[in-house]
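Let me begin by presenting the structure, written as structure tokens, before commenting on it.
In what follows, chains are A, B, ... by sequence order, proteins preceding strands, each numbered from 1.
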Number of protein chains: 2
Amino acid sequence: MKPTEKADMKYTNQRVEILDFLREHDGHPTVDEVYDGVRKKLTRISKATVYKNLKFLTEKGLLEEVNVKGVSRFEANFIPHHHLICRECGKMEDFNSEQLLDYSMKIAEEIDGFTIVSTSTNFYGICKKCMELKEET
Amino acid sequence: MKPTEKADMKYTNQRVEILDFLREHDGHPTVDEVYDGVRKKLTRISKATVYKNLKFLTEKGLLEEVNVKGVSRFEANFIPHHHLICRECGKMEDFNSEQLLDYSMKIAEEIDGFTIVSTSTNFYGICKKCMELKEET
DNA sequence: GTTAATGCAAACCTTTTGCAAAACA
DNA sequence: TGTTTTGCAAAAGGTTTGCATTAAC
């Protein structure tokens, strides 16, 4: 959590459940997945509330929005990291490499016209499951 | 262009103009920017045609779709490269570093459960223009 | 001459908004 | 109690689809 962004916000049940859900699911859930997940505990939550909170929490800096194949996904992991992305099914996993972060930030020093504050590398390929499906045919 | 993807497609005026436009504009145009740009030459083109073609050409592998702040953007540059992304305005520029590509692919060799075929690093920060705007206030 | 692509309008999401009621601090 | 947030329903955006017409090969 970014301390500077704490501000005056109310920790409603809905908000807490959404944050908890995202902290427990690091597979970068979509809006619908968050909605379905949170609804198991808060059966009466509306999708508008999910939308409002995902937007709000992203603006506050408590969540990060990423996008794969045109679909918004959310994550609560603020430790800088990389992503493994399946070109077939859109699945997205976190991948850590301190080495690569360091290397990228070093390269960032050469960049003009942009003040770089962070980097993240996407690794594109095919996940195990999709690979197996391909081999079957 | 990926030769394997050439297949049987018709090179209509609309399609050619969309491809040309994207090849001449490496600033990762949005759908609306493509539409506005192409309409200067083909005044009667419909937005549905732009949507259909952007989708079709992306599936054929002639375009790549990227996403910044929830907005789809398209590019025709298939030489592996990185991106400089402004967290303020969403502007996106290409950035080349053969070094970093090599380094990332080397790291990719360690990855289990994903067969990695390419990598791309995003450099996040603030562009010159947004930085100046911030300093004014 | 066939087949594929266009343009228009309608249909379809997905996301946002307005507002009274409820929940938080 | 005052302010923020919720939930609902309606509105707004963005994207896709159906189909007759037109263009490409």
> What is the distance, rounded to the nearest whole Å, between atom CD of B/Gln14 and atom C1' of D/dA23?
Replying inline: 9 Å
> What is the distance from NZ of A/Lys60 to P of D/dT4, rounded to the nearest Å?
Replying inline: 11 Å
> What does the inter-axis angle of the helix from C/dG1-D/dC25 to C/dA25-D/dT1 come out as, five pairs per end, nearest 10 degrees?
Replying inline: 50°
> In whole angstroms, how far is the P atom of D/dC8 from the CG atom of A/Leu42?
Replying inline: 13 Å
> Can you check the A/Glu65 CD to C/dT14 P distance for me, whole Å?
Replying inline: 15 Å
> To the nearest angstrom, how far is A/Leu54 atom CG from D/dT6 atom C1'?
Replying inline: 15 Å
>> Check this for me: does any side-chain nitrogen of one of A/Asp112 and B/Lys128 sit under 4.0 Å from a carboxylate oxygen of the other?
In response: no
> Between C/dA25, C/dA5, D/dT6, which nucleotide gets closest to the side-chain atoms of B/Thr12?
Replying inline: C/dA5
>> To the closest 0.5 Å, what do you measure between CZ (A/Phe123) and CD1 (B/Ile107)?
In response: 6.0 Å
>> Can you measure A/Tyr11 atom OH to D/dT4 atom C1' for me and round it to whole angstrom units?
In response: 14 Å
> Side chains of A/Asn122 and A/Tyr124: do they bring a donor and an acceptor to under 3.5 Å?
Replying inline: yes
> Rounded to whole angstroms, how far apart are CG on A/Leu19 and P on D/dT5?
Replying inline: 13 Å
>> Under 4.0 Å from OP1 or OP2 of C/dT6: is there any side-chain N or O of B/Asn53 that close?
In response: yes
> Has B/Lys55 got a side-chain N or O lying under 4.0 Å from the OP1 or OP2 atom of D/dT16?
Replying inline: yes
> Does A/Lys10 put a side-chain nitrogen or oxygen below 4.0 Å from OP1 or OP2 of D/dT3?
Replying inline: no
>> For A/Glu109 and A/Ile116: C-alpha separation, side-chain torsions, deciding distance, then whether side chain to side chain contact (heavy atoms under 4.5 Å, CB included) applies.
In response: CA-CA 8 Å; A/Glu109 289 169 13; A/Ile116 302 302; over 6 Å; no
>> Ignoring hydrogens, what is the shortest heavy-atom contact between B/Ile18 and B/Thr49? Give both atom names and the distance.
In response: CD1-O, 4.4 Å
> Separation of B/Tyr35 atom OH from D/dT15 atom P, in whole Å?
Replying inline: 14 Å
>> Using every non-hydrogen atom in the two residues, find where A/Pro80 and A/Leu101 come nearest and quote the distance to one decimal.
In response: O-CD1, 3.6 Å
>> Any residue in residues 44-52 of chain A with a heavy atom nearer than 4.0 angstrom to DNA chain C? Just list them by number, or reply none.
In response: A/Ala48, A/Tyr51, A/Lys52
>> One pair to check against side chain to side chain donor-acceptor pair (under 3.5 Å): A/Glu93 and A/His81. What are the steps and the verdict?
In response: CA-CA 10 Å; A/Glu93 274 179 28; A/His81 60 274; over 6 Å; no
> Shortest non-hydrogen contact from B/Ser120 to B/His83?
Replying inline: OG-ND1, 4.2 Å
>> So, does B/Asn13 get its side chain near the phosphate of D/dA24, meaning an N or O under 4.0 Å from OP1 or OP2?
In response: yes
>> Does the structure place the NZ or CZ of B/Arg39 under 6.0 Å from the centre of the six-membered ring of B/Tyr35, at an angle of no more than 45° from the ring's axis?
In response: yes
